[in-house]
*Asks:* 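Pasting a structure below so you can have a look.
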Amino acid sequence: MGGANGLLNRINERYGSLSKGQRLLAAYITDNYDKAVFLTAARLGQTVGVSESTVVRFATHLGYKGYPEFQKALAELVQGKLHAVHRMEDVYGQITQSEILETVLKSDMERIKNTLEKIDEHAFDLAVDIILNARHIYVLGIRSCAPLAEFLAFYLNMMFDDVRLLHTSNSSELLEQMMRINEEDVMIGISFPRYSMRTLKAMELANNRNAKVITLTDTVHSPMNLYSSCNLIARSDMSSFIDSLSAPMSVINALIMAVCVKRQGDVIKNLELLEQVWEEYQVYGNDEIDYIGDAVKMRYRGTETEDQKER
């Protein structure tokens, strides 16, 4: 099982059979392989909080003969990411900026088209029903997926009373925010390569507590599907080290719209309530531009421009 991502593929495929200590190693390596490549087995164990023998068993469990071969696979992974940068230079280095714009946008269009052709409509409908019937909605996306999670949570919050966007810098903090999750709730986990082991751990907890789990990821082979009861697949690959998230964003837009259609009454009521709050506390327009004829009225914290005062 070679290739630049061979080690990550092995971790993803064997994650379900790893021990607790090995899962800690998997999470650390997935997020920090560029640091782990320089560590001895003893030092890696000390950094993660497991024994040196656990590190060695982890390497052999992944199919390597020992830690030196495992460390070589780490080096190949780091080298593969460097090659991705060079590939980007090869693809985009000799063309103009306008050509880059056209190339990237057309690539994104192709990914959205491919996603539309292959997405499971039954899974999409199931995701909508799960969200509509959930008591609490937990949403999680880490690293480059964080903006996707924030966007989804922002609009779900317009429709539901209890939407929880999970913020975290480590696994323990993340799991603390989910300590009360149960069978009445839903967890929406968003993760694309490099897959986040923290997101996977959160989905595992949700699944163990019998909560519904929805995943948005890039392939049926993604480890995110291990604990998911509903899989939404969107293309995200790109010819450089930058992931394209246009297709996942389109799927999220569709999900929000489908839920909104079913909750129109609540959306209207919440927007009216929000409008009332804005009006009562005089904050409406503080962060927006109001167009009045050809002029633009800008208001900051109750202040007015000299032009407005003259009117």
Side-chain angles (χ1 to χ4, degrees), residues 5 7-9 11-12 15-16 18 20 22-36 47-49 77-78 81 84 127 131 136-157 163-179 181 185-209 211-219 221-238 241-252 255-256:
N5 291 317
L7 173 57
L8 295 183
N9 289 337
I11 290 175
N12 294 336
Y15 186 82
L18 297 180
K20 185 177 179 181
Q22 290 172 343
R23 290 186 181 189
L24 290 175
L25 285 165
Y28 179 81
I29 289 165
T30 302
D31 284 347
N32 304 282
Y33 55 78
D34 52 339
K35 298 176 184 175
T47 302
V48 176
L77 182 58
V78 173
K81 294 304 174 183
I131 292 170
H136 304 304
I137 302 171
Y138 295 81
V139 184
L140 176 62
I142 291 174
R143 295 196 301 265
S144 63
C145 294
L148 294 176
E150 188 167 352
F151 183 87
L152 175 59
F154 176 84
Y155 283 101
L156 288 179
N157 194 53
V163 179
R164 305 182 182 188
L165 177 62
L166 301 173
H167 297 280
T168 179
S169 57
N170 58 64
S171 293
S172 62
E173 181 183 306
L174 174 60
L175 300 182
E176 286 167 9
Q177 295 173 61
M178 298 176 60
M179 61 186 295
I181 194 169
D185 305 329
V186 60
M187 162 81 184
I188 306 174
I190 306 171
S191 189
F192 293 83
R194 297 185 288 129
Y195 301 116
S196 167
M197 284 296 166
R198 280 176 287 167
T199 302
L200 188 62
K201 276 175 175 260
M203 293 170 67
E204 181 183 7
L205 171 62
N207 180 71
N208 289 342
R209 296 284 183 83
K212 298 292 191 300
V213 181
I214 298 170
T215 185
L216 178 59
T217 190
D218 67 320
T219 170
H221 304 296
S222 166
M224 296 301 124
N225 298 333
L226 275 173
Y227 304 109
S228 175
S229 49
C230 181
N231 305 324
L232 301 177
I233 307 299
R235 286 280 303 278
S236 71
D237 56 293
M238 200 147 180
F241 70 102
I242 304 169
D243 295 323
S244 170
L245 297 176
S246 55
M249 179 60 87
S250 291
V251 172
I252 286 173
L255 194 61
I256 292 168

*Asks:* Would you say the side chain of D185 lies within less than 4.5 Å of the side chain of I137, judging by non-hydrogen atoms?
*Replies:* no
*Asks:* What distance do I214 atom CD1 and L152 atom CG have between them, rounded to the nearest 0.5 Å?
*Replies:*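 Spacing of CD1 (I214) from CG (L152) equals 9.0 Å.
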*Asks:* Which atom names give the shortest non-hydrogen contact between A206 and M178, and what distance separates them?
*Replies:*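 Minimum heavy-atom separation between A206 and M178: CB-CE, 4.1 Å.
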*Asks:* Considering non-hydrogen atoms only, spot the tightest contact between S144 and L245 and give its length.
*Replies:* O-CD1, 3.3 Å
*Asks:* Taking the side chain as every heavy atom from C-beta outward, state whether L148 and M249 have any pair of such atoms under 4.5 Å apart.
*Replies:* yes
*Asks:* Does the T217 side chain pair with the main chain of S191, one donor and one acceptor, at a distance under 3.5 Å?
*Replies:* yes
*Asks:* Rounded to the nearest 0.5 Å, what separates atom CG in L140 from atom SG in C145?
*Replies:*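 One gets 9.0 Å once the value is rounded to the nearest 0.5 Å.
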*Asks:* So do the side chains of L24 and K201 get within less than 4.5 Å of each other, counting heavy atoms only?
*Replies:* yes
*Asks:* Say you draw a straight line from NZ of K212 to CG of N207; how long is it, rounded to the nearest 0.5 Å?
*Replies:* 11.0 Å
*Asks:* For L25, which of I11, L18, V48 qualifies under side-chain contact (heavy atoms from CB on, under 4.5 Å)?
*Replies:*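 So, applying the side-chain contact (heavy atoms from CB on, under 4.5 Å) to L25 and each of I11, L18, V48, only V48 qualifies.
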*Asks:* For the atom pair CD1 (I190) and OG1 (T215), what is the distance rounded to the nearest 0.5 Å?
*Replies:*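 Answer for the CD1-OG1 pair, I190 versus T215, is 8.5 Å.
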*Asks:* Please identify which of these residues, M187, R23, R209, meets the side-chain contact (heavy atoms from CB on, under 4.5 Å) condition with E204.
*Replies:* R23
*Asks:* Closest heavy-atom contact between G141 and A149?
*Replies:*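 For G141 versus A149, the nearest heavy atoms are N-CB, 3.4 Å.
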*Asks:* In Å, rounded to the nearest 0.5 Å, how long is the span from OG of S250 to CG of L255?
*Replies:*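 CG of L255 is found 12.5 Å from OG of S250.
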*Asks:* Does L216 reach the side chain of I233, with side-chain heavy atoms less than 4.5 Å apart?
*Replies:*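 No, every pair of side-chain atoms sits at 4.5 Å or beyond.
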*Asks:* Roughly how far, to the nearest 0.5 Å, is OH of Y227 from CG of N208?
*Replies:*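 Those atoms lie 7.5 Å apart.
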*Asks:* Within the 4.5 Å heavy-atom criterion, are V213 and V186 side-chain neighbours or not?
*Replies:*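 V213 does not reach V186 side chain to side chain.
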*Asks:* Should the heavy atoms of other residues, nucleotides or ligands under 6.0 Å from CZ of F151 be counted, would the total exceed 12?
*Replies:*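 For F151, atom CZ is crowded (more than 12 foreign heavy atoms under 6.0 Å).
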*Asks:* Can you check whether F192 reaches M224 side chain to side chain, under 4.5 Å on heavy atoms?
*Replies:* no
*Asks:* Is I188 close to Y138 at the side-chain level, that is, under 4.5 Å between some pair of heavy atoms?
*Replies:* no
*Asks:* Please evaluate residues E150 and L165 with respect to the criterion side-chain contact (heavy atoms from CB on, under 4.5 Å), reporting the C-alpha separation (whole Å), side-chain torsions for both, the decisive distance (0.1 Å), and the verdict.
*Replies:* CA-CA 7 Å; E150 188 167 352; L165 177 62; 4.0 Å; yes
*Asks:* N231 versus S228: any side-chain heavy-atom pair under 4.5 Å?
*Replies:*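 Result yes, sub-4.5 Å side-chain heavy-atom pair found.
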